[in-house]
There are 2 protein chains.
Amino acid sequence: MKNYSEIKPTDSELEILQVLWQLGKATVRQVNDELSKTKDVGYTTTLKLMQIMLEKNIVSRLEDGRVHWYTALVEEEQTQQFLLGKFVDATFRGSAMKLVMQTLGNQTVSKDELEEIKKLIESIENK
Amino acid sequence: MKNYSEIKPTDSELEILQVLWQLGKATVRQVNDELSKTKDVGYTTTLKLMQIMLEKNIVSRLEDGRVHWYTALVEEEQTQQFLLGKFVDATFRGSAMKLVMQTLGNQTVSKDELEEIKKLIESIENK
DNA sequence: TTTTTATTACGAAAATTTTCGTAATGGCCG
DNA sequence: CGGCCATTACGAAAATTTTCGTAATAAAAA
């Protein structure tokens, strides 16, 4: 897999990556159908983006007859990690703590999930 | 203060907002000096951005002689909250939980901070 | 008052991202 | 085979974001 240090997917590219991560591999048609559920987007627009991502080596492509199967070349967690770091820096001036506090305070997290987070914290503390 | 529902500061605008939030109010010169500490940026570039932000009503301006004092018109927490929501959706498909787990696992959070987070969780649970 | 200096105003260029029209391709059905 | 259909290829336009050169302005200094 790719070393991700310098790559920053654009917003649209990230949307496509999400679909690819969920489906494993997909055609342009499938990706476009998925995106169309939540927004207006033309087939050729999606196609073009995926071609650009291919050039950037964010995805790979396998040709089967006339159909092209695309796969993400960057891992979901690694990408999230990378974007998270950027986001913390830009939005919370580097304070991961602040981000966590605000998320817990204002986003939707269930009781079970809170329990799970507590466990994670303890496992970190006891390391 | 502004209703923030539809405004999305660009990356550069957010950098400027960070400076304004920290200084309370500032001149273009001050903001540019601050930004220059971490990146190359021309005075007129910063000026132009701040003028654009004025048009968008993201900041306000007070003229004192020839100097213009700028202030953020959007609140820090509110903006962070808004950007956080977008980020969770785009990067973690809406799962705040996943974001918190990854942050705790991989970003730098001190023991004291972990304690504080635990306390917050408990206060949420006991509510 | 004249000059210098620091600032803001303006507009356009550059860079990046997103969108889409049109053509080319290749397989499938009649 | 010949026309149709779904797909990909290509290139340019549109939209957004970022950068900066140059001019105008006003205060301060000489």
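Every chain is numbered from 1, with letters handed out A, B, ... down the list of sequences.
Between the C1' atom of D:dT7 and the CD atom of A:Glu63 lies a distance of 12 Å, rounded to the nearest Å. The distance from atom CG of B:Leu47 to atom C1' of D:dA24 is 13 Å, rounded to the nearest whole Å. We find that CG of A:Asn32 is positioned 14 Å from P of D:dA6, with the value rounded to whole Å. Atom CD1 in A:Ile52 sits roughly 11 Å away from atom C1' in D:dG11 (whole-Å rounding). Atom C1' of nucleotide C:dT18 and atom NZ of A:Lys39 are separated by 8 Å, given to the nearest angstrom. Rounded to whole angstrom, the span from the CG atom of A:Asp64 across to the P atom of D:dT7 amounts to 13 Å. Residue B:Met50 contributes atom CE, which lies 15 Å from atom C1' of C:dA9 at whole-angstrom precision. Counting to the nearest Å, the P atom of D:dC10 and the CG atom of A:Leu49 are 16 Å from each other.
At a threshold of 4.0 Å, the pair A:Lys111-A:Glu116 does not count as salt-bridged, since none of the basic side-chain nitrogens sits closer than that to a carboxylate oxygen. Comment: A:Glu13 does not engage A:Lys8 in a salt bridge, judged by the lack of any side-chain N to carboxylate O separation of less than 4.0 angstrom. The pair A:Lys119-A:Glu122 does not count as a salt bridge, with every side-chain nitrogen at least 4.0 angstrom from each carboxylate oxygen.
Nucleic acid contact for A:Val41: none, since no nucleic acid atom lies under 4.0 Å from a heavy atom of the residue. As judged by a 4.0 angstrom heavy-atom cut-off over every strand, A:Ser12 is placed among residues touching the sugar-phosphate backbone only. Counting non-hydrogen atoms under 4.0 angstrom, A:Thr10 reaches the backbone sugars and phosphates but no base. Base contact: A:Thr44 has a heavy atom under 4.0 Å from a base atom.
Taking CE of A:Met53 as the reference point, atom CG of A:Leu20 lies at 6.5 Å (rounded to 0.5 Å).
Here A:Gln51 reaches the OP1 or OP2 of D:dA9: one of its side-chain N or O atoms lies under 4.0 Å away. Remark: B:Arg29 is in phosphate contact with C:dT7, judged by side-chain N or O atoms under 4.0 Å from OP1 or OP2. Using a 4.0 Å cut-off, no side-chain N or O of A:Thr27 falls inside it from OP1 or OP2 of D:dT7.
Taking the six-membered ring for Trp and thresholds of 30 and 60 degrees, A:Phe87 and A:Phe92 have ring planes more than 60 degrees apart, a perpendicular arrangement.
Residue A:Lys48 places no side-chain atom within donor-acceptor reach of the base of C:dG21, judged by atom type and a 3.5 Å distance cut-off alone.
The residue among A:Arg61 and B:Glu13 whose nearest nucleotide of DNA chain D is located toward the 5' end is A:Arg61.
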